[in-house]
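Fair warning: this is a prediction, and the values are worked out from it, not measured in the lab.
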Amino acid sequence: MSSFITLNSIQQSFKDETVIKNVDLAIPQGQLFGLLGPSGSGKTTLVKIIIGLLNPTKGTVHIDNQKMPSLKLMQEIGYMAQSDALYSELTAKENLYFFASIYGIPKKQQKQRVQEVAEIVDLTAHLDKTLEHYSGGMKRRMSLAVALLHQPKLLILDEPTVGIDPVLRASIWQDLKKLQKQGTTIIVTTHVMDEAEKCDNLAMLRDGYVIAQGSPDQLIEKSRTGTLEEAFLQYGKSNHH
Amino acid sequence: MRIRAIIKRIVQQFLRDKRSIALMMVAPLLVMTLLWLVLDLDQYEPTIAVTDVPEQMQDLLEEQDATIIEMSPNEAEEALGDKEVDAHLTWKKDQVELTMEGSDSTATSAVQQVLNQTSKQLNPNSLNMEVNFLHGSTDLNLFDNVGPVLIGFFVFFFVFIIGGVSFLRERTQGTLERLLATPLRRWEIVVGYLSGFGIFILLQSIVIAVYSIYVLDIYMEGSFWAVLLITFLLAITALSLATLLSAYAKNEFQMFQFIPVVIVPQVFFSGIFHIESVGWLDAIGKIMPLTYGADALKEIMIRGQELSAVLGDIGILVGFSLVFILLNILALKQHRKL
Ligand SMILES: Nc1ncnc2c1ncn2[C@@H]1O[C@H](COP(=O)(O)OP(=O)(O)OP(=O)(O)O)[C@@H](O)[C@H]1O
Ligand SMILES: [Mg+2]
């Protein structure tokens with residue numbers, strides 16, 4: 001399979017600190033790809049580079065054979081930031097309709113799409129509340145709903161399930177799998193091992209390096225350990241750059 | 001359609017924020033009213049102590065609205081010290097002696113005015129002058145005089161605060177970055193934002209102009225629409241400057257730090273004080289938008305000029321806004337190159 005997303009020797013420095021070091025990635029179309037790494041390892045930075053919100057110090061990102069950033073591709077990407085970027089004075093509904101208009105969803109379809117995504121994140125009953133009165137987990141779900149609105153070909157989700165209870169978390173993962181079956185490519189960052197296990201392919205990130213890459217099973221097998229957690233620790237030990 | 005969505009969202013947000021609406025619409029009126037109360041007072045009427053002053057002279061002084069009290073030299077000295085009188089006039093054999101209290105320049109010049117008028121009447125052969133006014137009249141008081149500058153200043157000030165802080169909030173709560181992860185172009189964001197806010201700014205300009213002209217009855221010779229256009233242009237300049245500077249502030253507190261640096265100095269250089277004689281001071285005024293707004297407002301309100309007479313000022317205000325808007329679009333490059 002030819003790759004849908006290609007990162008070519010990406011490097012990112014802030015002042016004199018280099019936080020992404022020479023990262024190469026190739027993600028095929030339709031894959032559920034996980035970026036696994038501890039806090040501060042550079043997941044958010046890498047994701048922002050992929051979507052074009054950060055201009056890497058070195059290297060290039062290509063999506064669907066086009067160089068990023070590209071406004072045309074922005075239309076095809078759904079993005080959920082790590083911190084909820086929503087308008088707290090507005091109701092959930094107003095937020096959703098706003099983003100629906102920004103993504104150019106025709107007026108007639110907006111209502112239907114808003115209802116569909118609200119159902120996925122289980123917020124249908126709370127659409128008329130202003131977000132000031134939302135709990136942390138509800139805001140997380142709203143952010144996910146916004147990312148799903150325009151049925152993007154590529155979903156980039158930065159820690160989507162933080163603060164969400166296990167029942168809803170399982171149901172969201174089910175929905176992600178369903179979207180994947182329909183052909184959506186999904187990139188998820190996480191530091192939770194049991195979520196990482198659900199991905200087709202993983203890149204393990206540590207201090208800005210990709211220390212290992214492959215499917216969860218491959219990674220466990222290659223490291224000769226029993227679990228992903230042990231594998232992660234094992235790779236961390238053997239990679240002294 | 002995307003710009004319209006931004007405008008709609010800003011209107012929705014703003015309507016929920018009752019306090020900011022109040023600050024934008026009511027606060028300027030409150031401050032204008034207070035200034036009007038202070039500056040629109042009748043002329044100060046001085047109190048003068050007199051010693052040995054002839055009856056006829058005393059009558060003349062009283063005709064000039066001065067309060068006259070006869071005192072001995074010692075009493076007068078004490079009264080001056082206690083600020084009970086503003087001046088002490090003593091009639092000696094062939095000489096008149098005047099002692100001023102002197103610490104209050106308004107009182108001092110009022111005493112001088114009274115004495116000037118009186119001496120003119122004592123000596124009817126002195127120059128008989130008829131004074132005519134090309135613009136304004138003797139009734140033009142301090143409020144009428146600085147009113148146009150104040151209107152400009154308050155429009156600028158309140159738009160700067162509210163516009164700057166709300167754009168800053170877009171940055172700090174991450175929604176600006178979120179918008180840049182959509183297919184929105186940078187100029188669409190800036191134009192949408194300025195237009196959404198523009199609606200409220202236009203309302204504010206109308207409210208302030210109507211209130212000053214029709215309620216406070218500020219001196220006004222020109223056309224209301226011309227005043228409105230200038231205040232609106234000034235407000236757009238303030239808004240685009242505020243959104244630009246918000247890129248260089250990390251929080252609201254840092255945004256407010258721009259006020260003493262960027263806003264307050266403008267009022268000193270915009271025509272309340274006469275600074276034409278000092279070249280470099282005048283040059284500083286030339287780089288400040290309020291200078292042009294205030295100048296145009298004075299031309300229209302006091303001198304009754306048409307818009308065509310202030311095209312230069314209008315051009316410069318439009319120029320300022322365009323430059324600030326372009327810089328805004330460029331500043332967003334720090335988030336997304338495209
Ligand atoms: N704008 C910035 N300026 C300076 N340093 C930054 C900036 N953004 C990120 N960093 C640094 O880059 C490193 C990686 O940060 P990043 O947010 O990508 O981590 P992360 O893997 O997403 O962590 P977490 O799981 O806690 O979200 C950190 O050391 C952080 O301090
Ligand atoms: Mg992160």
Residues at least two apart in sequence or cross-chain that pass side-chain hydrogen bond (donor to acceptor under 3.5 Å, both in side chains) with A:Asn201, listed by chain then number, are A:Gln31

Are there donor-acceptor pairs under 3.5 Å across chain A and chain B? List atom names and distances.
| unit_1 | atom_1 | unit_2 | atom_2 | d |
| --- | --- | --- | --- | --- |
| A:Lys48 | NZ | B:Glu177 | OE1 | 3.3 |
| A:Tyr79 | O | B:Arg178 | NE | 3.4 |
| A:Tyr79 | O | B:Arg178 | NH2 | 3.1 |
| A:Tyr87 | OH | B:Arg9 | NH1 | 2.9 |
| A:Glu89 | O | B:Arg16 | NH1 | 3.0 |
| A:Glu89 | OE1 | B:Gln13 | NE2 | 3.0 |
| A:Glu89 | OE2 | B:Arg169 | NH2 | 3.1 |
| A:Glu94 | OE1 | B:Arg16 | NH1 | 2.9 |
| A:Glu94 | OE1 | B:Arg16 | NH2 | 3.4 |
| A:Glu94 | OE2 | B:Arg16 | NH2 | 2.9 |

Name the region of A:Leu86, side chain, backbone, both or neither, that has any atom closer than 4.5 Å to a heavy atom of chain B.
backbone

Where A:Ile102 and B:Ala5 come nearest, the two heavy atoms and their spacing:
CD1-CB, 4.2 Å

Let me know if A:Leu53 has heavy atoms under 4.5 Å from chain B in its side chain, its backbone, both or neither.
both

Proximal component of A:Ile156, with respect to chain B [non-hydrogen, under 4.5 Å]
neither

Across all chains, not counting sequence neighbours, the salt bridge (Lys or Arg N to Asp or Glu O under 4.0 Å) partners of A:Lys198 are none

Under a 4.5 Å heavy-atom criterion, the part of residues 180-191 of chain A in contact with chain B comprises none

If I measure from the heavy atoms of chain A, does B:Leu179 come under 4.5 Å with its side chain, its backbone, both, or neither?
side chain

Nearest 0.5 Å, what's the CG-CE distance between B:Leu184 and A:Met74?
10.5 Å

